[in-house]
Amino acid sequence: MLNELERLETAAREELGSAGSAAELETWRVRYLGKKSVLTGALRSLAALPAEERKTLGARANAVKMDLQTRYAEKQESLSLDSIDQSLGRAALDVTLPGRPALYGRLHPITQVFHEICAVFSHMGFQVIEGPEVERDYYNFEALNIPQDHPARDMFATLWIDTAQSRDSRLLRTHTSPMQVRLMEKQKPPLRFIVPGRTYRYEATDATHDWMFHQVEGLAVDSDITLRDLKETLFEFCRGIFGRDTGVRFRCDYFPFVEPGGEVSIECVQCKGAGCRLCKGSGWLEILGCGMVYPNVLSGCGIDPTVYSGFAFGMGVERITILRHGVDDIRHFYSGDFRFLRQF
Ligand code: PHE
């Protein structure tokens, strides 16, 4: 009997040690301390023993029982502490971690440059106005000195909406210049406007061409406007956008609706005039076309060219953005690629 008690004690201690959960501990308790356990049975059977044996065995059995009860209580406590630790671990919130950054929306780079261009001209007294993207042949070409079959139509590969050729045929405007005519038809001088907007050309796309792009048109008409006003206004614009000490240049160029016509270039942003691949070795980058409004364009809009004169200009916004930020491909702008757009 004594031996049996000893074996029981060793087994009970071992099993208790390996109990890892509340359920296992409960199984252990039923087996070793429950009403039907071997130990309880042994204690109960003591009554039938002779007094001498009962005394020693009884004391021993009680000692074992008490020892196991204490160990049981200890184990119970340590298991519940473990489970508290575990649940704390699961719900842990490290308040020192940096938060997840919220993704902010932002203005498209072309919109940002639009705003900059409009700001520079607003300071010089120009009003900002927009016009239709679907135009008539008349406004896009005819009123601008480009009648049917004029070779200058080749300068503008056109996306037509109507196929029949007439002055009313609809097309996607190839430049913002039709707004010169619309403005002069509606308002009489003095007038000073810029027109930001989308333009379209029927063109194969590559790194520097897209079939949709943006322009800003400018128009100033008054009784004493000269080529000098044109040059100073545009030079001031270039310095406002590209920096005060950027070199600027004016040269003659041809556009049917201006005379004289010109182009304005800035010193190459990459090589500063030394000559590189970007400026094709010339040291200069052309950024806009311009000129004095052709007299019969004025008279076609009901403005007397013997009293009034004006200047006009048009620039590509993608090109200016590309040069300002060193973008290598015009197609990035409309690819919808956040890795590109988020840099601005
Ligand atoms: N509309 C011309 C173009 O798209 C630019 C221009 C505008 C030239 C006004 C002269 C005057 O190329």
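Order of appearance sets the numbers: ligands from 1, and atoms from 1 within every ligand. The figures here come from the full heavy-atom set of this structure, side chains too, leaving out hydrogens, waters and symmetry mates.
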Please produce the table of protein N or O atoms sitting under 3.5 Å from N or O atoms belonging to ligand 1, one pair a line, distance to 0.1 Å.
unit_1: ligand 1; atom_1: 1 (N); unit_2: H175; atom_2: ND1; d: 2.9
unit_1: ligand 1; atom_1: 1 (N); unit_2: S177; atom_2: OG; d: 2.9
unit_1: ligand 1; atom_1: 4 (O); unit_2: R201; atom_2: NH2; d: 3.1
unit_1: ligand 1; atom_1: 4 (O); unit_2: Q215; atom_2: NE2; d: 3.0

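The ring pair (Phe, Tyr, Trp, His ring centres under 6.0 Å) test applied to F250 returns no partner, not counting sequence neighbours.
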Which pairs would a plain distance check flag for residues 119-129, meaning a side-chain donor or acceptor within less than 3.5 Å of a matching protein atom at least two apart in sequence or in another chain?
unit_1: S122; atom_1: OG; unit_2: C118; atom_2: O; d: 2.6
unit_1: H123; atom_1: ND1; unit_2: A119; atom_2: O; d: 3.2

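With H325 contributing its side chain and V327 its backbone, the two residues share no donor-acceptor pair below 3.5 Å.
Cluster annotation: F257 is not connected to F313 through the hydrophobic network of ILVMFWY side chains, with a link wherever side-chain heavy atoms come within less than 4.5 Å.
Counting only N and O atoms by type, the side chains of Y200 and E135 include no donor and acceptor under 3.5 Å apart.
In the hydrophobic clustering, Y254 connects to no other residue, as no ILVMFWY side-chain heavy atoms lie under 4.5 Å from its own.
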